[in-house]
Amino acid sequence: MREILDEVERWREAGEKVVVATVVATRRSAPRPVGTSLAVSESGKMCGSVSGGCVESDVVEHAMAVMQSGEAKLLSYGITDEMAWGVGLPCGGEIDVFVEPVE
Amino acid sequence: MSLFARLAELNTSGERGVLFTVVEGDGIGGKELVLESGERVGGGVPAEAMVEFDDLVRRGRNRLLALDGGTRVFVEWYGPPPRIFVYGAVDTAESLCRAAKLLGWTTIVGDARGMFLTPERMPSADVLIQKWPEEAVAELAPDHQTAVVVLTHDDKFDEPALKAALASEAFYVGALGSRKTTERRRARLLEAGVSEEQLARIMGPCGLDIGADTQEETAVAILAEIVAVRSGRGGGPLRESKKRIHVEVA
């Protein structure tokens, strides 16, 4: 989360609500190490990443929902048969992403 | 001040600490920052997660903790980049600093000989300390995020530098030198009152066995060993490793 903190503070100073998604666990191969974050602002600004681009759009949708509800949640991504053409990681790894509102 | 504003401060303040976040189970979303100074910001994290704070702050890595009852707590490490301190302003010192800058580390070179220790010879060093080994090590105060490499090739500098480094918390203490030099140094340090246990900490001759020939290759061999020690890995080929590729996180 360190890499996005400065940007998040700028958004917050501008009066925006912010949600942060952080990779908290990886199994097998994974594109980003644990601790890497993607931040999303109320107006749709983004910075950082949680994968090489494979799951970002889905994470952003969840982030917007968390922005509304104010309740943190844990997401898991991996490759399954059903997901092979949906949201997943082509490298065959699995990641857990924690999505939380910035208080 | 909010927790996030305090976190943003840590990127420049150089303070070390750990941010605990409950990511699964009871109290999901609980967040507490614990600094080495003892300062705490936030709350809602089970005390059980913080029992190993000292170890977590020393490891310098992010990880996920699994507590009893299915609660999982994410640990994010905060602190300045590791430091590498090279005693002996020889060519390899510059190569080692240049390689360490690539990792974003802070580089410091010490030497008592002002003729060797110049910014022109050591352009990749962030700090130069022109002092005798004991004083240079005392000024630097190596901690658990500091690697010390001794490169002077001169017993009268190398030995006191190693002795001082071994008395510190440095996570890596390395010394260059042939096997013959290493054996002689060992005998002399024992004589100087350094214990066998302390001597075992010295990586000497330092560096991984990659057939390094040039200064730059030697620097890569040493730096790779330093990273391996910091991660608790042996440093062999990944193809032959049974462990997972990335450092364990849980």
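In the text below, chain A, chain B and the rest are named by the order of the sequence lines, each starting its count at 1.
Among all heavy-atom pairs drawn from T21(B) and F98(A), the shortest one is CG2-CE2, 3.5 Å. Residues E103(A) and S2(B) come closest through the heavy atom pair O-CB, 4.4 Å. Contact between K73(A) and I28(B) at its shortest, heavy atoms only, is CA-CD1, 4.2 Å. Considering every non-hydrogen atom in both V24(A) and L64(B), the closest pair reads O-CB, 3.6 Å. The minimum heavy-atom distance between A72(A) and G29(B), with the atom names listed, is CB-CA, 4.3 Å.
For E52(B), the CD atom counts as loosely surrounded, since its 6.0 Å shell holds 12 or fewer non-hydrogen atoms of other residues, nucleotides or ligands. Counting non-hydrogen atoms of neighbouring residues, nucleotides and ligands closer than 6.0 angstrom, the CG atom of D55(B) exceeds 12 such neighbours. Surrounding CD of E169(B) are more than 12 heavy atoms belonging to other residues, nucleotides or ligands, all under 6.0 Å away.
For F4(B), the parts lying under 4.5 angstrom from a heavy atom of chain A are both the backbone and the side chain. For V97(A), no part lies near chain B; criterion is any non-hydrogen pair under 4.5 Å.
The distance from atom OG1 of T36(A) to atom CG of N62(B), rounded to the nearest 0.5 Å, is 8.0 Å.
Of the listed residues (V22(B), L3(B), N11(B)), the one with the most heavy-atom contacts under 4.5 Å to chain A is N11(B).
L19(B) has its side chain within reach of M1(A): a pair of non-hydrogen atoms, C-beta onward, lies under 4.5 Å apart. When side chains are defined from C-beta on, R72(B) counts as touching D96(A), because their heavy atoms get closer than 4.5 Å.
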*Under the side chain to side chain contact (heavy atoms under 4.5 Å, CB included) rule, what do V23(A) and F74(B) come out as? Steps first, then yes or no, please.*
CA-CA 9 Å; V23(A) 179; F74(B) 185 62; over 6 Å; no

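Remark: the backbone N or O of L74(A) is not paired with any side-chain donor or acceptor of E24(B) at under 3.5 angstrom. Between the side chain of R2(A) and the backbone N or O of G79(B) there is at least one donor-acceptor pair closer than 3.5 Å.
Ion pairing of E100(A) with K31(B) is present here, as a side-chain N (NZ or NE/NH1/NH2) and a carboxylate O approach within less than 4.0 Å.
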